[in-house]
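The structure appears below as structure tokens.
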Amino acid sequence: MLGIDVGDKRIGLAVSDELGTVASPLVTIHRERDADAVDRIARTVNELRVGVVVVGIPYSMDGSTGPQALKTLRFVEKLRPAVGMPVRLWDESLSTRRAEEGRRRLGRRDRKKGEKDRIAAAYILQDYLDAVRKSGGGL
């Protein structure tokens, strides 16, 4: 599975192991044009033989769809036909903040701007994998 954290400037990608147990940060794509980012993600999906794409949606704290979530949903509409497989939406529940806190604890706060984006993607994907496991495998 491929996890995606969509931002205005960068898109973080993470990948799971073959058993769908553990998510690992993969790469950060610098987002200049959506078409280029979608193409890069589609190539990654093909190269890694991904079966499911999981995109984090930044819902507001009250669960509503705010401006950033709407931007992400518009990006997902461009992504779906390019990858040709299921694209699952997942509440990212502050994954970027968790990634920043983890980097801070490791003393890596200011290095590698794109690192937090792929770490956030790994949090999104890991949360999804854990939920699938808890539910018996049907999300």
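Keep in mind that what you see is a predicted model, and the values were worked out from it rather than measured. Quick note: numbers below take in every heavy atom, side chains included, and nothing from hydrogens, waters or symmetry partners.
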Enter the distance from [X]:[atom1] to [Y]:[atom2] here, rounded to the nearest 0.5 Å.
X	Y	atom1	atom2	answer
Asp91	Ser60	CG	OG	10.0 Å
Met1	Tyr128	CE	OH	5.0 Å
Asp5	Glu92	CG	CD	5.0 Å
Glu77	Leu79	CD	CG	9.5 Å

Closest approach of [X] to [Y] (non-hydrogen atoms, all atoms of both residues):
X	Y	value
Gly51	Pro86	O-CD, 3.7 Å
Arg80	Leu89	NH2-CG, 4.2 Å
Thr28	Glu115	OG1-N, 4.3 Å
Ala82	Ala42	O-CB, 3.7 Å
Gly12	Ala121	O-CB, 3.3 Å
Pro58	Thr72	CD-OG1, 3.7 Å

Indicate yes or no for a side-chain donor-acceptor contact from [X] to the backbone of [Y] under 3.5 Å, with no hydrogens or angles considered.
X	Y	value
Arg31	Gly7	yes
Gln68	Ile57	no
Gln126	Ala23	yes

Do the non-hydrogen side-chain atoms of [X] and [Y] ever get within less than 4.5 Å of each other?
X	Y	answer
Asp36	Arg40	no
Arg133	Thr21	yes
Leu125	Trp90	no
Leu48	Leu26	yes
Leu13	Ile29	yes
Leu70	Thr65	yes

List the steps, then state whether side-chain contact (heavy atoms from CB on, under 4.5 Å) holds for Val53 with Ile4. CA-CA 8 Å; Val53 175; Ile4 303 177; 3.5 Å; yes
Test Leu2 against every option in Val87, Val55, Ile41, Val83 by the side chain to side chain contact (heavy atoms under 4.5 Å, CB included) rule and name the one that passes.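 With Leu2 as partner, side chain to side chain contact (heavy atoms under 4.5 Å, CB included) holds for just one option, Ile41.
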Establish whether Val22 and Val15 are linked, either directly or via other cluster members, by ILVMFWY side-chain heavy-atom contacts under 4.5 Å. no
Cluster question for you: counting only ILVMFWY and a side-chain heavy-atom cut-off of under 4.5 Å, with indirect links fine, are Ile11 and Met85 together? yes
Less than 4.0 Å between a side-chain N and a carboxylate O, is that true for Arg43 and Asp39?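 Salt bridge present between Asp39 and Arg43.
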